Student: 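Let me give you the structure first, and then I'll get to my questions.
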Amino acid sequence: MTIKKTDLRIIETKKHNEDQKKETMALLKKLLEEKNVPQLKLAQELGKDKTTVNRWVKNSRKIDWDNAEQIAKVLGCHPVEIYQPSVNVILKHNCSWDGLLKDLPPDEQIKIKVPFEWYNDKVKAVQMDAPGTPNDGEIWLFDIPKNKKINKNCVGNICYITASKEFKKRNNHKLSTSEVIGKTDIWHPLVAYIVAKGNGKLKIVNSYTDELLNPLCDNLTYDDFEVAAPVKAKYDPELIIKHPK
């Protein structure tokens, strides 16, 4: 995501009063503590006088965008994090290589950061559990629509998928059989590719092998989906950000 200087004016117009200024500068102090970077080291890396950095931290001097970009390079974060923090959420789900999404036990749930530009109250965070692949351990984000419908961009993309009530009712007798992933007794959400078959029907394939996920995932219609939301971002827990290809 590229943010232009003109975009920053929108941020700055909201931060004219002293309380907001203090909040912004407090973020720099917090980032320095999180990254274990002393003020003196930051000053040296930036080629700035140590008093300048001290004034940034103590709220007596405003940080302009050019300096924010340089600070971000040193701290390994997004420049906008100098002005607005990432959001901490509880990671509650993981997804195995076969596309089956499961809830993590409470004692395995951890706090993770979602970059502010990708956060909303409907975002779904999933950690990929796929040893031996480049995606292992990554956090994938999906925007789940409020009215539970499929996204028009779902075809040809990896998506967070849930089955419609009609599909479940029609196929409920096939649960706990070889036709259902993991022979489960509940309908788990999936993370997998949705592919157009060319005959007006859709199929769901494994995002690693491109093979049909299971027999129930073939010859589908849009009515078979409750939710189909494409992945919007991928990043590792250290916030090394990777946009989806």
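This structure is a prediction, so every number in the text was calculated from the model and none was measured.
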Student: For residues L213 and Y193, determine if any side-chain heavy atom of one lies less than 4.5 Å from a side-chain heavy atom of the other.
Tutor: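 Not touching, per the 4.5 Å side-chain cut-off.
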Student: Return the set of residues passing ring pair (Phe, Tyr, Trp, His ring centres under 6.0 Å) with F225 (not counting sequence neighbours), or none when no residue passes.
Tutor: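 Partners of F225 under the ring pair (Phe, Tyr, Trp, His ring centres under 6.0 Å) test: none.
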Student: Specify the closest pair of heavy atoms between I158 and S207, including all atoms of both residues, with the distance to one decimal.
Tutor: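 So the two residues come closest at CD1-CB, 3.8 Å.
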Student: Can you check whether L202 reaches C154 side chain to side chain, under 4.5 Å on heavy atoms?
Tutor: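 When only atoms from C-beta onward are counted, C154 and L202 do not touch, as no gap falls below 4.5 Å.
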Student: Nearest 0.5 Å, please: how far is NZ in K48 from CG in N67?
Tutor: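 Interatomic distance, N67 CG to K48 NZ, rounded to 0.5 Å: 4.0 Å.
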Student: Test of understanding: with side chain to side chain contact (heavy atoms under 4.5 Å, CB included), list the residues that count as partners of E226, not counting sequence neighbours.
Tutor: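 Counting only residues at least two positions away or on another chain, E226 forms a side chain to side chain contact (heavy atoms under 4.5 Å, CB included) with K148, T162.
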Student: From the options L32, L46, V53, D66, select the one residue that forms a side-chain contact (heavy atoms from CB on, under 4.5 Å) with I71.
Tutor: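 Looking at L32, L46, V53, D66, the match for I71 under the side-chain contact (heavy atoms from CB on, under 4.5 Å) is L46.
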Student: Shortest non-hydrogen contact from P145 to V227?
Tutor: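 Smallest interatomic distance, heavy atoms only, reads CD-CG1, 4.2 Å.
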Student: How far does CG of L75 sit from CD1 of I82, to the nearest 0.5 angstrom?
Tutor: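 Those atoms lie 6.0 Å apart.
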Student: Does I161 reach the side chain of I150, with side-chain heavy atoms less than 4.5 Å apart?
Tutor: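 Heavy-atom side-chain distance check fails, nothing below 4.5 Å.
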Student: Between CG of D129 and SG of C95, what distance do you get to the nearest 0.5 Å?
Tutor: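 Taking CG in D129 and SG in C95, the distance rounds to 8.5 Å.
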Student: Can you list the residues that meet the side chain to side chain donor-acceptor pair (under 3.5 Å) rule with W97, with sequence neighbours excluded?
Tutor: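 With neighbours one apart ignored, the set is empty.
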Student: Which residues satisfy the salt bridge (Lys or Arg N to Asp or Glu O under 4.0 Å) test with E166, sequence neighbours excluded?
Tutor: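 Residues passing salt bridge (Lys or Arg N to Asp or Glu O under 4.0 Å) with E166: none at all.
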Student: Could you go step by step and tell me if L101 and L190 meet the side-chain contact (heavy atoms from CB on, under 4.5 Å) rule?
Tutor: CA-CA 5 Å; L101 187 144; L190 304 174; over 6 Å; no
Student: Can you check whether L141 reaches Y119 side chain to side chain, under 4.5 Å on heavy atoms?
Tutor: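 L141 does not reach Y119 side chain to side chain.
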Student: Under the side chain to side chain contact (heavy atoms under 4.5 Å, CB included) test, which residues partner K124, sequence neighbours left out?
Tutor: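 In terms of side chain to side chain contact (heavy atoms under 4.5 Å, CB included), with neighbours along the sequence ignored, K124 is linked to H93, V126, F142, I144, Y160.
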Student: Could you work out, with side chain to side chain contact (heavy atoms under 4.5 Å, CB included) as the rule, every residue matching P106, not counting sequence neighbours?
Tutor: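 Expected list: none.
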Student: Check salt bridge (Lys or Arg N to Asp or Glu O under 4.0 Å) between D136 and all other residues, then give those that pass, not counting sequence neighbours.
Tutor: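 Salt bridge (Lys or Arg N to Asp or Glu O under 4.0 Å) check on D136 returns nothing, list empty.
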Student: Does any pair with a residue in residues 201-216 pass salt bridge (charged side-chain N to carboxylate O under 4.0 Å, His left out), and if so which ones, sequence neighbours excluded?
Tutor: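 Counting only pairs at least two positions apart or across chains, no salt bridge (charged side-chain N to carboxylate O under 4.0 Å, His left out) contact touches residues 201-216.
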Student: Is there side-chain contact between Q70 and K73, with at least one heavy-atom pair below 4.5 Å?
Tutor: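 Sidechains of K73 and Q70: in contact.
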Student: Can you tell if the side chain of K50 reaches within under 4.5 Å of the side chain of Q39, non-hydrogen atoms only?
Tutor: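 A side-chain contact is absent here, since even the closest heavy-atom pair is not under 4.5 Å.
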Student: Residues in side chain to side chain donor-acceptor pair (under 3.5 Å) with N206, at least two apart?
Tutor: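 Testing N206 for side chain to side chain donor-acceptor pair (under 3.5 Å), a comparison that skips the adjacent residues, returns none.
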Student: Can you tell me how far apart CG (L220) and CD1 (I194) are? Round to the nearest 0.5 Å.
Tutor: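 One finds 8.5 Å between CG of L220 and CD1 of I194.
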Student: Using only atom types and a distance under 3.5 Å, with no angle test, would you say the side chain of K232 pairs donor to acceptor with the backbone of W118?
Tutor: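 Yes, K232 side chain to W118 backbone: donor-acceptor pair under 3.5 Å.
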Student: Count I, L, V, M, F, W, Y as connected when their side-chain heavy atoms are under 4.5 Å apart, and connections chain through other members. Are L40 and W56 then in the same cluster?
Tutor: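 No, because L40 and W56 fall into different hydrophobic clusters, even though each may have its own neighbours under 4.5 Å.
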Student: In terms of heavy-atom contacts, does CG of N36 have more than 12 from other residues, nucleotides or ligands at under 6.0 Å?
Tutor: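 Open: at most 12 neighbouring heavy atoms sit under 6.0 Å from CG of N36.
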Student: State which residues pass side chain to side chain donor-acceptor pair (under 3.5 Å) with T51; sequence neighbours excluded, sorted by chain then number.
Tutor: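 Listed in chain order: D49.
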Student: Is a side-chain N or O of Q127 found less than 3.5 angstrom from the main chain of N94, in a donor-acceptor match?
Tutor: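 Checked: no pair found.
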Student: For the NZ atom on K197, are there more than 12 heavy atoms of other groups (residues, nucleotides or ligands in this structure) within a distance under 6.0 Å?
Tutor: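 Atom NZ in K197 is crowded, with more than 12 foreign heavy atoms closer than 6.0 Å.
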Student: Mind checking what makes side chain to side chain donor-acceptor pair (under 3.5 Å) contact with E34, not counting sequence neighbours?
Tutor: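 Partners of E34 by the side chain to side chain donor-acceptor pair (under 3.5 Å) criterion, ordered by chain and then number, come out as K113.
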Student: Might you confirm whether atom NZ of K41 has over 12 heavy atoms from other residues, nucleotides or ligands at distances under 6.0 Å?
Tutor: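 For K41, atom NZ is not crowded (no more than 12 foreign heavy atoms under 6.0 Å).
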Student: Provide the closest heavy-atom pair for L42 versus V37 in the form atom of the first, atom of the second, distance.
Tutor: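 Closest approach of L42 to V37, heavy atoms only: N-CG1, 4.0 Å.
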Student: Test N135 against T133 for side chain to side chain donor-acceptor pair (under 3.5 Å), laying out the working first.
Tutor: CA-CA 5 Å; N135 302 126; T133 75; 4.5 Å; no
Student: Applying side chain to side chain contact (heavy atoms under 4.5 Å, CB included), can you list everything that pairs with Q109, at least two apart in sequence or on another chain?
Tutor: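 With sequence neighbours excluded, Q109 shows a side chain to side chain contact (heavy atoms under 4.5 Å, CB included) to I90, K92, L104, given in chain and number order.
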Student: With the 4.5 Å side-chain cut-off for hydrophobic clustering, are W187 and L212 part of the same group?
Tutor: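 Different hydrophobic clusters.
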Student: Kindly compute the distance separating CD1 (I112) from CG (L91), expressed to the nearest 0.5 Å.
Tutor: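 I112 CD1 to L91 CG: 4.5 Å, rounded to 0.5 Å.
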Student: Side chains of V123 and D143: closer than 4.5 Å at any heavy-atom pair?
Tutor: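 A side-chain contact under 4.5 Å exists here.
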Student: First locate atom NZ of K168, then atom CG of L216, and finally report the distance between them rounded to the nearest 0.5 Å.
Tutor: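 These two atoms lie 13.0 Å from each other.
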Student: Answer whether the closest heavy-atom distance between the side chains of V231 and N157 falls below 4.5 Å.
Tutor: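 No, every pair of side-chain atoms sits at 4.5 Å or beyond.
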